[in-house]
Amino acid sequence: QVQVVESGGGLVQAGGSLRLSCAASGRISRIYTMAWYRQTPGKQRELVAGIVTDDRTNYADSVKGRFTISRDNAKNTMYLQMNGLKPEDTATYYCYAAIREQGYSESIDYWGQGTQVTVSS
């Protein structure tokens, strides 16, 4: 069974930094696209940043220049370094990963349980 678990959320003042981690574990054959999404109450989940197997990345316009996504394939882990945090970055952040489990030919979408990031003004 594959699991995806986020960590690193918390409360920070505006202008501060946080680093989120997303660790995948289990019978993993390969991890394809990984991404961070965020959601606030009453709004749709939105893409924050994504990274593919060759380390190409994409970012939401609202976080470009402030957030950096990266991955360590040897550890099956993805990171989101968030600098210059703003109150509008407050949300629950979710990890997404497309993972092919050992013994299977297709990948499946996995989501973490979410980690809360709160930025005070």
Side-chain angles (χ1 to χ4, degrees):
Q1 185 177 358
V2 172
Q3 284 190 317
V4 174
V5 179
E6 305 102 334
S7 61
L11 173 64
V12 64
Q13 287 189 330
S17 299
L18 282 175
R19 189 192 195 205
L20 305 183
S21 298
C22 170
S25 61
R27 293 171 49 84
I28 296 170
S29 178
R30 188 173 184 185
I31 303 177
Y32 298 92
T33 299
M34 302 185 80
W36 289 98
Y37 286 75
R38 66 186 181 188
Q39 189 172 23
T40 54
K43 292 189 176 182
Q44 283 192 330
R45 193 170 294 188
E46 65 172 359
L47 176 68
V48 176
I51 185 167
V52 293
T53 53
D54 61 0
D55 287 341
R56 284 180 295 126
T57 60
N58 66 291
Y59 295 91
D61 287 343
S62 59
V63 306
K64 282 181 181 177
R66 300 188 297 123
F67 292 9
T68 302
I69 189 171
S70 62
R71 62 192 287 174
D72 183 335
N73 293 324
K75 296 181 179 180
N76 291 333
T77 301
M78 172 180 64
Y79 306 96
L80 185 68
Q81 178 65 42
M82 304 185 293
N83 299 327
L85 282 160
K86 304 175 180 180
E88 51 264 43
D89 294 317
T90 296
T92 301
Y93 285 70
Y94 295 91
C95 169
Y96 161 86
I99 298 174
R100 179 161 58 88
E101 194 172 346
Q102 293 176 13
Y104 291 82
S105 59
E106 300 291 332
S107 64
I108 296 175
D109 296 340
Y110 287 89
W111 291 90
Q113 80 287 353
T115 185
Q116 179 67 34
V117 171
T118 303
V119 184
S120 63
S121 57

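All values below come from the heavy atoms of this structure, side chains included, with hydrogens, waters and symmetry mates left out.
- By the 4.5 Å heavy-atom criterion applied to side chains, Thr33 and Tyr96 are counted as neighbours.
- Distance NZ/Lys75 to OG/Ser25: 15.0 Å, rounded to 0.5 Å.
- The backbone N or O of Arg66 lies less than 3.5 Å from no partner atom in the side chain of Tyr59, so there is not a single donor-acceptor pair.
- Residues Pro87 and Ala14 share a closest heavy-atom pair of CD-CB, 4.1 Å.
- No single ILVMFWY cluster, assembled from side-chain heavy atoms under 4.5 Å apart, contains both Val4 and Tyr79.
- Connection of Tyr37 to Met34 is not established within any shared hydrophobic cluster, with ILVMFWY side chains joined at heavy-atom distances below 4.5 Å, either directly or through further cluster members.
- Sparse packing is recorded around CD of Gln3, with 12 or fewer heavy atoms of other residues, nucleotides or ligands lying under 6.0 Å away.
- Once rounded to the nearest 0.5 Å, the distance linking OG1 of Thr115 with CG of Leu18 reads 9.0 Å.
- Heavy atoms from other residues, nucleotides or ligands lying under 6.0 Å from CD of Gln44 number 12 at most.
- The structure places CD1 of Ile31 at 11.0 Å from OG of Ser107, a figure rounded to the nearest 0.5 Å.
- Remark: the backbone N or O of Val5 is not paired with any side-chain donor or acceptor of Gln113 at under 3.5 angstrom.
- In terms of heavy-atom proximity, Ser17 sits nearest to Gln81 at CB-NE2, 4.0 Å.
- Between the Gln13 side chain and the Ser120 main chain, no donor and acceptor come within less than 3.5 Å of each other.
- With contacts defined as side-chain heavy-atom distances shorter than 4.5 Å, the pair Ile99/Asn76 does not qualify.
- Proximity of Val2 to Ile108: side-chain heavy atoms (C-beta onward) are nowhere separated by under 4.5 Å.
- With Arg56 contributing its side chain and Gly50 its backbone, the two residues share no donor-acceptor pair below 3.5 Å.
- Using a 4.5 Å cut-off on side-chain heavy atoms (C-beta onward), Met82 and Leu20 make contact.
- In this structure, Ala98 and Asp109 approach most closely via the heavy-atom pair CB-OD1, 4.2 Å.
- Counting heavy atoms from C-beta outward, Arg30 and Tyr32 have side chains that approach closer than 4.5 Å.
- The side chain to side chain donor-acceptor pair (under 3.5 Å) test with Arg38 is passed by exactly one of Thr92, Asp89, Thr90: Asp89.
- Residues Trp36 and Ser21 share a closest heavy-atom pair of CH2-O, 3.5 Å.
- Using cut-offs of 30° and 60° for the angle between ring planes, the Trp111 and Tyr94 rings count as perpendicular.
- Contact record, Ala35 with Leu47: CB-CD1, 3.9 Å, taken as the closest heavy-atom pair.
- Between the OG1 atom in Thr57 and the CZ atom in Phe67 there is a gap of 14.0 Å [rounded to 0.5 Å].
- The closest side-chain heavy-atom distance from Tyr104 to Arg27 is not below 4.5 Å.
- Annotation: the span from Asn58 atom CG to Ile69 atom CD1 amounts to 7.5 Å, rounded to 0.5 Å.
- Separation of atoms CE (Met78) and CZ (Arg71) is listed at 8.5 Å; rounding is to 0.5 Å.
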